[in-house]
Amino acid sequence: MRLGLFGGSFDPIHMGHLLAASEAVEALGLDRVLFVTAAYPPHKTPVAPPEDRHAMVLLATLEDPRFEASRLELDRPGPSYTVDTLRSARGLYPGADLFFITGADAYRDLLSWKEGGRLSEYAQLVAVSRPGYPRPTLPVPVLWLEVPEYGVSSSLIRERLKRGKSVRYLVPPLVEVYLEKQGLYRVP
Ligand code: ATP
Ligand code: MG
C-alpha cells in the first residue's frame, strides 16, 4: 500500500488542501491519503476546537474514497508532533510505503519541527507548490510537486467569516453548512 499522510491544523479545511492531496494521489499513485488533524500544533494555537476541525475534515473527505479523516493526533495528549505521528503510522501500517505531504510553506519550516531533519527516515517527504511560497532549498530530501495554484488559506477563510463574507466555493459545501450551523469564526 502506498499511503499518504497530510497533516494540518485544518482551521478550517479548504479546497486548496483537497486539491493538493488529490494531486499527490495522482502524481504518486497513492492508494489513500489520511488527513491528520493536529489537535495541538506546537507552533500555533488554532481558533476552532480540535473536534470541530476534525468534524470538518470528515465532512470534506466523506465522498472521496481515496481520502480518510484520521484521529491519530486527536487521541494523543500533548503537542502534536509529526515525528510521533509518522512513528505510530509505521506501527499501524506495517509494510506500507509512507508519504508525508506538506505545502511549500510547511516544508520550508521543517527544520524547526521536532526531529524535523529525521522525518525522511520515516516517510518519503512530498512538498506541493503553494502560491506566494517559492520552492525552498533545504538539506532534506523531498519530492517536489507542482500543482495548480490555489491561493486560499484557512486564515483567509477565517477572515472572511469574521467579516460576514461568503466562503462558498472556497470550502466544500458540507463544510460551509457546518461553519454556518456552529457559527465558527464569526464575531459573537
Ligand atoms: P493557516 O492560514 O491557518 O496557516 P493553511 O491554509 O496554511 O492555514 P494549514 O492547516 O496550516 O492550512 O496547512 C496544512 C498543510 O496544507 C500545510 O502543509 C500547508 O502548506 C498545506 N496547504 C494549505 N493550503 C494550501 C494551498 N492553497 N496550496 C497548497 N498547499 C496548501
Ligand atoms: Mg498554514
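All ligand and atom numbering here is 1-based and tracks the order in the structure. Here, residue 1 is the first one in the sequence, and each next residue gets the next number. All values reported here derive from a predicted model rather than from experimental measurement.
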**Item:** atom 20 (O) of ligand 1 [closest protein heavy-atom partner, distance rounded to 0.1 Å]
**Value:** Asp105 OD1, 2.5 Å
**Message:** So is Lys44 touching ligand 1 or not, going by heavy atoms under 4.0 Å?
**Reply:** yes
**Message:** Suppose we measure from atom 26 (C) of ligand 1 to each protein heavy atom; which comes out shortest, and what is that distance?
**Reply:** Arg130 NE, 3.6 Å
**Prompt:** At what distance is the nearest protein heavy atom to atom 2 (O) of ligand 1, and which residue and atom is it?
**Reply:** Ser155 OG, 2.3 Å
**Asked** What do you reckon, does Gly7 put a non-hydrogen atom under 4.0 Å from ligand 1?
**Response** yes
**Item:** Neighbour count above 12 (heavy atom, 6.0 Å) for Arg163 CZ
**Value:** yes
**Message:** Just by distance, no angles: are the side chains of Arg76 and Thr85 close enough, under 3.5 Å, to form a donor-acceptor pair?
**Reply:** yes
**Item:** Residue Arg158 vicinity, atoms of ligand 1 by number, heavy atom under 4.0 Å
**Value:** 3 (O)
**Item:** Residue Phe6 vicinity, atoms of ligand 1 by number, heavy atom under 4.0 Å
**Value:** 15 (C), 16 (O)
**Message:** Using a 4.0 Å cutoff against the non-hydrogen atoms of Ser129, which atoms of ligand 1 qualify?
**Reply:** 29 (C)
**Message:** Evaluate Val128 for polar contact with ligand 1, using N/O atom pairs at a separation under 3.5 Å.
**Reply:** no
**Request:** Check each of Glu149, His17, His43, Arg53 against atom 13 (O) of ligand 1 and report the one with the nearest heavy atom.
**Result:** His17
**Fill in**
Short version for Leu19: what comes under 4.0 Å of ligand 1, heavy atoms counted, is neither
**Request:** Kindly assign one of parallel, tilted or perpendicular to the pair Phe10 and Phe6, based on the angle between their ring planes and the thresholds 30° and 60°.
**Result:** perpendicular
**Prompt:** Do Lys114 and Asp84 sit within salt-bridge range, that is, some charged N less than 4.0 Å from a carboxylate O?
**Reply:** yes
